[in-house]
Amino acid sequence: MNEFVQQYFEIGNETTTFTVIELLLAIILSAILSTVVTLVYKWTHHGVNYSQSYVQTVVIMSVVVAIIMIVIGNNVAVAFGLVGAFSIIRFRSAMSDPKDIAFIFFGMVVGIACGLGFYLLAIIFTALMSLIIGLMHKVDYGSKGSDEKVLKITVPENMHFEGAFDDVFRKHLEQNELVNIETTNLGTMYMLEYRVRTKKETRDKTLMDAIRTKNANMKVTLNVSRLGY
């Protein structure tokens, strides 16, 4: 009986030691790799809607997922219990850029791999995925030139504006679409609204100056913010 109890505690101590080492490895490695993920995110991020809180969340989520995977192990009951617990959580922050969601999943996969003990796989996955994202960023993959913008041109009431700017548009724009015409200034002027995409080599000032030579130097507005955000 004494021998059985002694063997039991020896096995328990070995298991505890193994679990602690496994936990530390998972936490440290997932934190390091998810930090690499956030560095890639910071390098490839476009726009002004950068959030320090989001970057920190990616690291925290990766570490938490790694610990969850260790806790679950092969225990199906614990897995269902955690699903039930997390189902009550509601995330109220809407992400404006779909790529932000991809980086969340990137960090989660790193955490899952570390939590399951696939340390080499986690390192290789992080390196290759970071390389792919970096290459797409470097070559500007998927770009159609510049972002879509709103161009508003004010013209005099007596001006025949149909086709008046075609030569300017051909020279400076990749695409243009007239979406709205309205009268302004008590009907003495027209406001033309276009959705446009400028050519890469075209500067906004160059486009606006070219239009001003056609519309009697009246008001020209170019909204340079990305549409849909």
Side-chain angles (χ1 to χ4, degrees), residues 8-143 147 226 228-229:
Y8 174 80
F9 279 109
E10 287 177 355
I11 294 172
N13 291 333
E14 291 176 0
T15 303
T16 303
T17 303
F18 175 75
T19 304
V20 170
I21 294 174
E22 186 181 44
L23 180 65
L24 290 175
L25 278 174
I27 291 175
I28 294 172
L29 188 59
S30 61
I32 293 173
L33 295 179
S34 58
T35 301
V36 173
V37 172
T38 56
L39 290 175
V40 175
Y41 171 78
K42 289 169 65 178
W43 175 45
T44 60
H45 179 74
H46 292 287
V48 296
N49 56 339
Y50 174 83
S51 171
Q52 180 184 12
S53 177
Y54 170 80
V55 171
Q56 295 175 354
T57 299
V58 173
V59 178
I60 295 170
M61 182 171 291
S62 181
V63 175
V64 169
V65 168
I67 296 173
I68 289 173
M69 298 309 298
I70 293 174
V71 171
I72 291 175
N74 295 322
N75 195 321
V76 178
V78 174
F80 277 107
L82 285 172
V83 170
F86 283 108
S87 65
I88 64 174
I89 299 176
R90 296 291 183 271
F91 296 96
R92 301 186 182 277
S93 298
M95 295 185 184
S96 58
D97 191 344
K99 194 168 69 174
D100 291 354
I101 302 174
F103 274 94
I104 285 286
F105 280 106
F106 190 176
M108 289 179 63
V109 171
V110 169
I112 292 172
C114 291
L116 293 176
F118 299 116
Y119 306 125
L120 181 59
L121 177 62
I123 294 171
I124 294 174
F125 170 72
T126 303
L128 290 179
M129 199 66 212
S130 298
L131 179 62
I132 292 171
I133 295 172
L135 286 174
M136 288 194 296
H137 172 72
K138 201 70 177 178
V139 302
D140 200 18
Y141 176 75
S143 173
D147 296 318
R226 298 179 68 182
Y229 293 89

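FYI, the numbering just counts along the sequence from 1.
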Residues 101-124 side chain polar contacts: donor-acceptor under 3.5 Å, at least two apart:
none

Using 0.5 Å steps for rounding, measure from the [atom1] atom of [X] to the [atom2] atom of [Y].
X      : Y      : atom1 : atom2 : result
Thr126 : Leu29  : OG1   : CG    : 7.5 Å
Thr35  : Leu39  : OG1   : CG    : 7.0 Å
Met61  : Ser30  : CE    : OG    : 13.0 Å
Met136 : Leu131 : CE    : CG    : 10.0 Å
Leu128 : Ile133 : CG    : CD1   : 11.0 Å
Thr57  : Gln52  : OG1   : CD    : 10.0 Å

Problem - Heavy-atom pair of closest approach, residues Ala26 and Ile70 - result: CB-CD1, 3.6 Å
Exercise for the section: Answer whether the closest heavy-atom distance between the side chains of Tyr54 and Thr38 falls below 4.5 Å. Expected result: no
Handout entry: Crowding at NZ, Lys99 (>12 non-hydrogen neighbours, <6.0 Å)
Key = yes
Problem - Polar side-chain atom of Ser62 near backbone of Val58 as donor-acceptor pair, under 3.5 Å - result: no
